[in-house]
Amino acid sequence: MHSTTSQHTSLNTKPQRPNTTTTNFLTATPTTTPQRTNNTTTNLVLLPALVAVALADTTSYRPLPPSPAPIYSARAPSYNAPAPSYNAPEPVSPPKYDFSWNVKDDYSSNDNGHQETRDGYDTQGSYYVQLPDGRLQEVTHTVNGDSGFVAQ
């Protein structure tokens, strides 16, 4: 009969990496990389240690105190302000004028004008305008003292 020996390997185990040797080119000394292990016990110990270190940070953070308000001083004005006056000066002589103007443009059919005369508090005048239908509208007005503008 034939005898055979077989090697059984577990399907759950990973092949182990052997130690490797590398050379540090700066110091020309060989270094050995240790074999990597998959140890969950180490992870279970390191995790609570990390949490404890994170919780142990007792540094208190306080806001900075407010800075003092800036102090501004008003500069003296570099001009002399006029003295206040509340009353308008009285006219030296009563107003007196006479004017008139006219516009007549045949291309646009624009025809209008204004004439006015004033002597003291008595004002008389008239204005006219050509309406779109071709009629000429004229308005005569007077102002006498406090009577206001009276159009006819």
Side-chain angles (χ1 to χ4, degrees), residues 12 14-152:
N12 293 336
K14 292 183 180 178
Q16 299 294 323
R17 257 179 45 188
N19 288 343
T20 57
T21 304
T22 58
T23 304
N24 185 343
F25 292 103
L26 295 176
T27 60
T29 57
T31 58
T32 303
T33 305
Q35 185 177 4
R36 186 174 184 183
T37 61
N38 188 8
N39 191 351
T40 58
T41 307
T42 306
N43 291 340
L44 291 176
V45 170
L46 287 178
L47 183 63
L50 257 161
V51 171
V53 169
L55 293 176
D57 184 16
T58 58
T59 307
S60 65
Y61 297 98
R62 287 183 235 140
L64 294 175
S67 59
I71 299 172
Y72 297 106
S73 59
R75 293 177 42 185
S78 60
Y79 64 91
N80 294 327
S85 70
Y86 301 105
N87 299 325
E90 291 294 323
V92 177
S93 63
K96 185 174 187 173
Y97 62 84
D98 185 9
F99 77 88
S100 66
W101 58 266
N102 297 316
V103 174
K104 182 167 176 118
D105 183 16
D106 292 329
Y107 179 76
S108 65
S109 299
N110 192 4
D111 187 9
N112 55 35
H114 186 188
Q115 176 277 328
E116 188 172 291
T117 303
R118 181 173 180 181
D119 188 8
Y121 294 104
D122 183 33
T123 306
Q124 298 177 357
S126 67
Y127 61 90
Y128 67 93
V129 62
Q130 187 170 6
L131 299 174
D133 62 359
R135 294 179 296 142
L136 195 65
Q137 180 180 6
E138 185 173 352
V139 176
T140 304
H141 62 84
T142 60
V143 178
N144 192 356
D146 292 333
S147 67
F149 186 84
V150 179
Q152 302 167 346

Legend entry - Rounded distance (nearest 0.5 Å) linking atom CG of Asp106 with atom CG of Asp111: 8.5 Å
Legend entry - Candidates Thr117, Thr142, Val143 - the one meeting side-chain contact (heavy atoms from CB on, under 4.5 Å) with Thr123: Val143
Legend entry - Asp146, CG atom: more than 12 neighbouring heavy atoms under 6.0 Å: no
Inset, instruction - Enter the distance from Leu131:CG to Leu136:CG here, rounded to the nearest 0.5 Å. - result: 7.5 Å
Inset, instruction - In sequence, state the C-alpha distance, the side-chain angles, and the governing distance for Thr140 and Tyr128, and then conclude on side-chain contact (heavy atoms from CB on, under 4.5 Å). - result: CA-CA 9 Å; Thr140 304; Tyr128 67 93; over 6 Å; no
Inset, instruction - Apply the test side-chain hydrogen bond (donor to acceptor under 3.5 Å, both in side chains) to residues Asn144 and Ser147: give CA-CA distance (whole Å), side-chain angles for both, the deciding distance (0.1 Å), then the verdict. - result: CA-CA 6 Å; Asn144 192 356; Ser147 67; 5.9 Å; no
Inset, instruction - Describe, in one word, how the ring planes of His141 and Tyr127 are oriented to each other, choosing from parallel (under 30°), tilted (30 to 60°) and perpendicular (over 60°). - result: tilted
Legend entry - Pairwise distance CD(Gln152) to CD(Glu138) - rounded to 0.5 angstrom: 11.0 Å
Inset, instruction - Indicate the atoms forming the closest heavy-atom contact of Gly120 with Pro94, along with that distance. - result: CA-CB, 3.7 Å
Inset, instruction - Provide the closest heavy-atom pair for Ser109 versus Gln130 in the form atom of the first, atom of the second, distance. - result: O-OE1, 3.4 Å
Legend entry - Nearest heavy-atom neighbours spanning Glu116 and Asp98: O-OD1, 3.1 Å
